[in-house]
Amino acid sequence: MTQYSYLVGLVGTGIGRSLSPQLHESEADRHGVRYLYRLLDTGAKPAGGHDLHELLRACRDCGFSGLNVTHPFKQLVMPHLDELAPTAVRVGAVNTVVFTPDRRAVGHNTDLAGFSEAFARGLPDARLDRVVLLGAGGAGAAVAHALLDRGARHLHVVDPLQERAVALSEALNEHSGQERARAVSPEALEVVLSEADGLVNASPAGSVHHPRLPLAARLLHPRLWLADLNYRPLHTPLLRAGGALGSRVLHGGGMLVHQAAHSFRLVTGLPAHTSHMLADFADLTADPHAHA
């Protein structure tokens with residue numbers, strides 16, 4: 001059941017330049033409903049478990065309809081919720097919290113569907129025999145499940161914290177019932193990339209806060225398609241380097257928009273016009289390639 005007005009927030013660190021407020025509020029305008037989207041930036045120092053619990057309680061008490069959750073809280077928020085949707089349980093991360101009329105906080109994950117739909121739109125015929133994933137955090141976990149759902153046969157997971165890469169690989173294999181994922185150390189990246197079809201960067205490297213390549217440029221090759229979840233800047237150092245080699249590339253704007261559309265539906269019960277939201281994103285980034 002929909003209502004007339006909504007108060008929604010984004011919880012994370014370093015989110016001052018997020019495009020989520022404009023995307024959500026513009027979509028609400030098309031439906032003729034009031035929709036206020038606020039940034040809840042915890043600052044440079046991430047909130048601890050108790051602070052995160054209090055933040056959720058305060059938002060619920062203040063009448064928030066829901067929250068989006070981003071780095072570094074997608075996994076940390078889970079113990080503080082009353083219920084988890086099946087996709088959130090599967091991924092092991094939450095990026096959307098909906099407050100129900102009976103004041104329950106329900107966690108969802110729309111990143112999985114968001115990346116899958118963006119990938120299908122931007123790289124529809126990309127080979128998925130061997131794919132390398134950089135980053136095993138909340139976003140990386142969603143992308144990993146999406147890649148397996150889309151038919152990736154061998155997924156190599158790389159993370160600076162080897163135990164996190166191992167844990168994600170084990171969870172993926174348990175869900176798929178096959179040994180399709182494998183944790184790979186950063187030192188072995190050169191070997192697996194030489195045989196890979198594609199590379200997905202789910203790490204912060206390449207964002208405005210970490211403006212650098214997530215790996216040595218010499219490891220890239222033209223046969224490798226590249227996807228980067230970062231969208232500020234739209235053309236990250238990784239995508240620029242790959243584009244210069246002739247690689248097919250996919251920026252993070254598509255995932256942002258598609259996951260936002262799913263989140264909007266969860267919070268409001270209204271159907272999101274994804275094509276209009278993609279156009280909004282292109283206008284906000286003022287880049288003609290953002291429409292692609």
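Residue indices begin at 1 and follow the sequence shown.
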Quick check: do [X] and [Y] have side-chain heavy atoms less than 4.5 Å from each other?
| X | Y | value |
| --- | --- | --- |
| Leu250 | Phe119 | yes |
| Ser169 | Leu155 | no |
| Asp111 | Met255 | yes |
| Met277 | Leu256 | no |
| His108 | Ser263 | no |
| His31 | Pro271 | yes |
| Arg218 | Glu190 | yes |
| Arg248 | Leu123 | yes |

- Mind checking whether Tyr35 and Phe264 have ring centres under 6.0 Å apart?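 Aromatic pair counts; centres sit under 6.0 Å.
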- Less than 6.0 Å separating the ring centroids of His276 and Phe281?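 No, ring centres 6.0 Å or more apart.
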Main chain of [Y], side chain of [X]: is a donor-acceptor contact present, judged purely on distance under 3.5 Å?
| X | Y | answer |
| --- | --- | --- |
| Glu25 | Tyr37 | yes |
| Ser26 | Leu23 | no |
| Asn95 | Val69 | no |
| Asn173 | Arg180 | yes |
| Asp159 | Ala136 | yes |
| Asn230 | Ser203 | yes |

- Output the rest of the hydrophobic cluster of Leu224: all Ile, Leu, Val, Met, Phe, Trp and Tyr residues reachable through side-chain heavy-atom contacts under 4.5 Å, sorted by chain and number.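 Other cluster members: Val132, Leu134, Val158, Val184, Leu189, Val192, Leu193, Leu199, Leu213, Leu215, Leu219, Leu220, Leu226, Leu238, Leu239, Leu245, Val249.
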Calculate, to the nearest 0.5 Å, the distance between atoms [atom1] and [atom2] belonging to [X] and [Y] respectively.
| X | Y | atom1 | atom2 | answer |
| --- | --- | --- | --- | --- |
| Asp149 | Leu147 | CG | CG | 9.0 Å |
| Arg265 | Glu27 | CZ | CD | 8.5 Å |
| Thr274 | Arg121 | OG1 | CZ | 9.0 Å |
| Cys62 | Arg57 | SG | CZ | 8.5 Å |
| Asp280 | Leu284 | CG | CG | 6.5 Å |
| Arg38 | His24 | CZ | NE2 | 13.5 Å |

In terms of hydrophobic clusters joined by side-chain contacts under 4.5 Å, are [X] and [Y] together?
| X | Y | value |
| --- | --- | --- |
| Leu172 | Leu128 | yes |
| Val166 | Leu133 | no |
| Phe115 | Trp225 | yes |

I'd like to know whether [atom1] of [X] has more than 12 heavy-atom contacts from other residues, nucleotides or ligands below 6.0 angstrom.
| X | atom1 | result |
| --- | --- | --- |
| Glu174 | CD | no |
| Arg30 | CZ | yes |
| Glu195 | CD | yes |

- Task: Show your reasoning for whether salt bridge (charged side-chain N to carboxylate O under 4.0 Å, His left out) applies to Arg60 and Asp82.
- Result: CA-CA 12 Å; Arg60 178 167 48 196; Asp82 299 307; 3.2 Å; yes
- With Leu40, which of Leu67, Asn68, Leu10 fulfils side chain to side chain contact (heavy atoms under 4.5 Å, CB included)?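 So, applying the side chain to side chain contact (heavy atoms under 4.5 Å, CB included) to Leu40 and each of Leu67, Asn68, Leu10, only Leu67 qualifies.
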- Message: Could you work out, with side-chain hydrogen bond (donor to acceptor under 3.5 Å, both in side chains) as the rule, every residue matching Ser194, not counting sequence neighbours?
- Response: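 Checked Ser194 against side-chain hydrogen bond (donor to acceptor under 3.5 Å, both in side chains); zero matches.
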Which heavy atom of [X] sits nearest a heavy atom of [Y], and at what distance?
| X | Y | value |
| --- | --- | --- |
| Ala142 | Val91 | N-CG1, 3.5 Å |
| Ala88 | Met78 | O-CE, 3.9 Å |
| His262 | Ala113 | NE2-CB, 3.7 Å |
| Leu52 | Val77 | CD2-CA, 3.7 Å |
| Phe99 | Leu56 | CZ-O, 3.9 Å |
| Ala118 | Gly254 | CB-C, 3.4 Å |

- Evaluate the side chain to side chain contact (heavy atoms under 4.5 Å, CB included) criterion for residues Leu112 and Gln259: first the C-alpha distance (whole Å), next the side-chain angles of each, then the deciding distance (0.1 Å), finally the verdict. CA-CA 8 Å; Leu112 191 162; Gln259 66 81 20; over 6 Å; no
- Task: Return the orientation label for the His235 and His251 ring planes: parallel under 30°, perpendicular over 60°, tilted otherwise.
- Result: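 Aromatic pair His235/His251 classed perpendicular.
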- Message: As a quick check of understanding, evaluate side chain to side chain contact (heavy atoms under 4.5 Å, CB included) for Tyr231 and Ser18, giving each step before the final call.
- Response: CA-CA 9 Å; Tyr231 70 90; Ser18 172; 3.8 Å; yes
- Message: The test is salt bridge (charged side-chain N to carboxylate O under 4.0 Å, His left out); show your working for Asp197 and Arg130 and say whether it passes.
- Response: CA-CA 5 Å; Asp197 301 309; Arg130 296 181 182 274; over 6 Å; no
- Between Thr87 and Asn109, is a side chain to side chain donor-acceptor pair (under 3.5 Å) present by the stated rule, with each step listed? CA-CA 6 Å; Thr87 305; Asn109 188 292; over 6 Å; no
- Show your working on side chain to side chain contact (heavy atoms under 4.5 Å, CB included) between Val106 and Val97 and close with a plain yes or no. CA-CA 5 Å; Val106 182; Val97 176; over 6 Å; no
- ring pair (Phe, Tyr, Trp, His ring centres under 6.0 Å) contacts in which one or both residues fall within residues 161-196, not counting sequence neighbours: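 Those involving residues 161-196 are His145-His175.
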- Mind running side chain to side chain contact (heavy atoms under 4.5 Å, CB included) on Ser116 and Arg150 for me, showing each step along the way? CA-CA 7 Å; Ser116 184; Arg150 299 204 65 81; 3.0 Å; yes
